[in-house]
Trainee: 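I am attaching a structure below and will ask some questions about it afterwards.
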Amino acid sequence: GLHPKLVEYLSSSGFPNIFSIQKAVWELTHGGQVPLHDICFSAPTGSGKTLAYALPIVNALASRVDRRSIGCVVVLPTRGLAMQVARVFEGLGSAVGLNTVVACGGLDSAKESEALRDADVAIFTPGRLVSHVESTHGFYEDKLVGGDGGRRVPFLVVDEADRLLRQRYNNWLDKINVRENVGVKFIVSATLTRDPLKLDVLCLNAPRFVTFVQEENKYTLPKTLLERKIVVGDADKPSALIGLLKMHAGAKTIVFVSSVGAAGTLAGLLASDAVIGVLEQRVEEYSGRVGKEEREATIERFRRGETAVL
């Protein structure tokens, strides 16, 4: 069953019920306690994929006696995704005394190496994982394999799996010897491949596939999202967008554009004195033109509601 402290944490955090994907994964893993097979699942963005794998993993690690090796390695393609997933594990882990460490580009590698010594859950971008395997003294032998060769990482999560499998990222799977050094694997993506040749590199053990995405559609909107379309000419797009933002004033809004350059141009327009006086909302750019630290600060302001439009 679910650890009492996790029950308390979920209740106090506003999770009276779990979503369908979370229920399915929980049942397949018996709450993380029975490592009989690997789990592969896909579900739309916003369906609760991260909690679906984090909950049974943390539940299992909460009762682990031997904590010399890392309990769970999570691999994601970007730093931003790694930080998002870390917040879920940190919340759950803090309830049962587990330590979560993030190791990805842009952070201090030496401080990461020190922190990884006490990690129960370690969240990596693939390049950083390879770097620690190759360069951090004792990391592979003590934290992944175990000094006596008899221990291995109980859980590996490959999130955004299709993207990680396409690009391979310095052969990170080979570097950690996924066949020998990993217990149960969670393979996760919004659009998960079933191509045996692509999945073969993961060395799956009697995998169970769960999908909440319609097979005939590559992309599926979560049921909680509404989709509307407004057709206007190119010349009228800025004024139409301003009208929409004004109409939905007070709600957090993310505007997607086709390129980094377009993001800068649009952000400049919406933040100009003439427009900001009409919108009366804070607008900020979030793109590759902006430095990593400033992007993180922007996301935090957006999360707190200080910035209304990204």
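Bear in mind that the values here come from a model prediction, so they are computed numbers and not experimental data.
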Trainee: Is the backbone of Y9 close enough, under 3.5 Å, to the side chain of S12 for a donor and an acceptor to pair up by distance?
Mentor: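 Yes: the side chain of S12 pairs with the backbone of Y9.
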
Trainee: My understanding is that only residues two or more places apart in sequence, or in another chain, count here; which of them pass side-chain contact (heavy atoms from CB on, under 4.5 Å) with N59?
Mentor: L2, H3, L6, W26, Q33

Trainee: Just list the side-chain donor-acceptor pairs under 3.5 Å for residues 238-251, sequence neighbours left out, or say none.
Mentor:
{"residue": "S239", "atom": "OG", "partner": "D236", "partner atom": "O", "Å": "3.0"}
{"residue": "K246", "atom": "NZ", "partner": "V278", "partner atom": "O", "Å": "2.9"}

Trainee: Please round to the nearest 0.5 Å and tell me the distance separating atom CZ of R87 and atom CG of L92.
Mentor: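 Rounded to the nearest 0.5 Å, the CZ-CG separation comes to 13.5 Å.
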
Trainee: Quick one: name the residues clustered hydrophobically with V290, using the 4.5 Å side-chain heavy-atom rule over I, L, V, M, F, W, Y, and just say none if it's on its own.
Mentor: none

Trainee: Can you pull out every salt bridge (charged side-chain N to carboxylate O under 4.0 Å, His left out) where at least one residue sits in residues 127-138? Sequence neighbours excluded, please.
Mentor: E112-R128, E134-K175

Trainee: Considering the options N171, V153, V133, V73, which one meets the side-chain contact (heavy atoms from CB on, under 4.5 Å) requirement together with I176?
Mentor: V133

Trainee: Kindly write out the residues that satisfy side-chain hydrogen bond (donor to acceptor under 3.5 Å, both in side chains) with E296, not counting sequence neighbours, or none if the list is empty.
Mentor: R79

Trainee: Distance-only, no hydrogens or angles: does the Q22 side chain make a donor-acceptor pair with backbone N or O of G48 under 3.5 Å?
Mentor: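 Pair found, side chain donor or acceptor close to backbone of G48.
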
Trainee: Would you indicate whether the side-chain heavy atoms of R282 and V309 approach each other to under 4.5 Å?
Mentor: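 They are not in contact (no side-chain heavy atoms under 4.5 Å apart), so the answer is no.
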
Trainee: How close do W172 and V158 get, heavy atom to heavy atom, and via which atoms?
Mentor: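 Distance-wise, the nearest heavy atoms are CH2-CG2, 3.8 Å.
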
Trainee: Less than 4.5 Å apart, side chain to side chain, heavy atoms only: is that true for F155 and I70?
Mentor: no

Trainee: Under the salt bridge (Lys or Arg N to Asp or Glu O under 4.0 Å) rule, collect the residues that match up with K111, sequence neighbours excluded.
Mentor: none

Trainee: Within the structure provided, determine whether I276 and V283 are in side-chain contact (heavy-atom separation under 4.5 Å).
Mentor: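 The answer is yes, as the side chains (C-beta and beyond) meet within the 4.5 Å cut-off.
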
Trainee: Do T125 and V75 make a side-chain contact, defined as non-hydrogen atoms from C-beta onward lying under 4.5 Å apart?
Mentor: no

Trainee: Which atoms form the tightest heavy-atom contact between A122 and L116, and what is the distance?
Mentor: CB-CD2, 3.8 Å

Trainee: Are T307 and Y286 close enough, and set up right, to give a side-chain contact (heavy atoms from CB on, under 4.5 Å), and what steps lead you there?
Mentor: CA-CA 11 Å; T307 294; Y286 187 87; over 6 Å; no

Trainee: Please indicate whether E306 has more than 12 foreign heavy atoms, meaning atoms of other residues, nucleotides or ligands, lying under 6.0 Å from its CD.
Mentor: yes

Trainee: Could you state whether V96 and V157 fall into the same hydrophobic cluster, counting links through intermediate Ile, Leu, Val, Met, Phe, Trp or Tyr residues with side-chain heavy atoms under 4.5 angstrom apart?
Mentor: yes

Trainee: Are L55 and V7 in one and the same hydrophobic cluster, where Ile, Leu, Val, Met, Phe, Trp and Tyr link if side-chain heavy atoms are under 4.5 Å apart?
Mentor: yes

Trainee: Apply the hydrophobic cluster definition, ILVMFWY joined by side-chain contacts under 4.5 Å directly or through others, and give me every member besides V231.
Mentor: none

Trainee: Measuring from L156:CG to L202:CG, what's the distance to the nearest 0.5 Å?
Mentor: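 Output value for this atom pair is 8.0 Å.
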
Trainee: Sequence neighbours left out, what passes side-chain hydrogen bond (donor to acceptor under 3.5 Å, both in side chains) with R64? Give chain and number order.
Mentor: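 Not a single residue meets the side-chain hydrogen bond (donor to acceptor under 3.5 Å, both in side chains) criterion with R64.
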
Trainee: Residues in side-chain hydrogen bond (donor to acceptor under 3.5 Å, both in side chains) with T136, at least two apart?
Mentor: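 T136 satisfies side-chain hydrogen bond (donor to acceptor under 3.5 Å, both in side chains) with S113, H132 once adjacent residues are dropped.
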
Trainee: Identify, with sequence neighbours excluded, every residue that meets side-chain hydrogen bond (donor to acceptor under 3.5 Å, both in side chains) alongside R301.
Mentor: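 For R301, the residues satisfying side-chain hydrogen bond (donor to acceptor under 3.5 Å, both in side chains) (neighbours in sequence not counted) are E284, E294, T298.
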
Trainee: Please confirm whether the backbone N or O of D118 pairs with a side-chain atom of N99, one donor and one acceptor, at under 3.5 Å?
Mentor: yes

Trainee: Short question: side chain of S131, backbone of G127 - any donor-acceptor pair under 3.5 Å?
Mentor: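 Between the backbone of G127 and the side chain of S131 there is no qualifying donor-acceptor contact (under 3.5 Å).
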
Trainee: What's the separation between atom OG1 in T50 and atom CG in L76, rounded to the nearest 0.5 Å?
Mentor: 8.0 Å

Trainee: Supply the atom-to-atom distance L10 CG to L51 CG, rounded to the nearest 0.5 angstrom.
Mentor: 6.5 Å

Trainee: Could you tell me which non-hydrogen atom of P56 sits nearest to which non-hydrogen atom of A52, and how far apart they are?
Mentor: CD-O, 3.1 Å

Trainee: Side-chain heavy atoms under 4.5 angstrom apart, residues restricted to Ile, Leu, Val, Met, Phe, Trp, Tyr: same cluster for F209 and L164?
Mentor: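 Shared cluster, yes.
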
Trainee: Which value, rounded to the nearest 0.5 Å, describes the distance between I123 atom CD1 and C104 atom SG?
Mentor: 9.0 Å

Trainee: For a side-chain contact (heavy atoms from CB on, under 4.5 Å) check, start with the C-alpha distance between V102 and M83, then their side-chain angles and the critical distance, and finish with the verdict.
Mentor: CA-CA 7 Å; V102 184; M83 301 303 286; 3.7 Å; yes

Trainee: Looking at P126 and P77, what are the two nearest heavy atoms and their distance?
Mentor: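 In terms of heavy atoms, the two residues are closest at CD-CA, 4.2 Å.
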
Trainee: Is there a side-chain contact (heavy atoms from CB on, under 4.5 Å) between L98 and V58? Walk through the geometry before answering.
Mentor: CA-CA 8 Å; L98 298 181; V58 171; 3.9 Å; yes

Trainee: Does the side chain of S189 come under 3.5 Å of the side chain of S42 through a donor N or O and an acceptor N or O?
Mentor: no

Trainee: Sort and list the pairs that fulfil salt bridge (charged side-chain N to carboxylate O under 4.0 Å, His left out) and have at least one residue in residues 14-33, not counting sequence neighbours.
Mentor: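 Listed once each, the pairs are K23-E27.
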
Trainee: Main chain of V184, side chain of D38: is a donor-acceptor contact present, judged purely on distance under 3.5 Å?
Mentor: no

Trainee: Could you check whether any side-chain heavy atom of D120 comes within less than 4.5 Å of a side-chain heavy atom of C72, counting everything from C-beta outward?
Mentor: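 With C-beta onward as the side chain, the pair stays apart.
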
Trainee: Hey, quick one: are V257 and L310 part of the same hydrophobic cluster, counting side-chain heavy atoms closer than 4.5 Å, chains of contacts allowed?
Mentor: no

Trainee: Should Y53 and V74 be marked as a side-chain contact (heavy atoms from CB on, under 4.5 Å) after you check the CA-CA gap, both sets of side-chain angles, and the distance that decides it?
Mentor: CA-CA 10 Å; Y53 62 74; V74 184; 4.3 Å; yes

Trainee: For A24 and V210, work out which heavy atoms get closest and say how close.
Mentor: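 Shortest heavy-atom separation between A24 and V210 comes out as CB-CG1, 4.1 Å.
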
Trainee: Determine, using the 4.5 Å side-chain heavy-atom cutoff (strictly less than), whether V255 and V275 are members of one ILVMFWY cluster.
Mentor: yes

Trainee: Do R303 and E300 sit within salt-bridge range, that is, some charged N less than 4.0 Å from a carboxylate O?
Mentor: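 A salt bridge is present here (some side-chain N lies under 4.0 Å from a carboxylate O).
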
Trainee: Given the ring of F302, does K252 sit roughly above its face, with NZ or CZ under 6.0 Å from the centre of the six-membered ring and within 45° of the axis?
Mentor: yes

Trainee: Do the non-hydrogen side-chain atoms of P207 and I39 ever get within less than 4.5 Å of each other?
Mentor: no

Trainee: State, with a plain yes or no, whether a side-chain heavy atom of I57 is found less than 4.5 Å away from one of F186.
Mentor: yes

Trainee: Please identify each residue that fulfils side-chain contact (heavy atoms from CB on, under 4.5 Å) with A267, with sequence neighbours left out.
Mentor: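 Per chain and number, A267 pairs via side-chain contact (heavy atoms from CB on, under 4.5 Å) with E285.
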
Trainee: Is the shortest heavy-atom distance from the side chain of F41 to the side chain of V25 under 4.5 Å?
Mentor: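 Yes; the side chains approach each other to less than 4.5 Å.
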
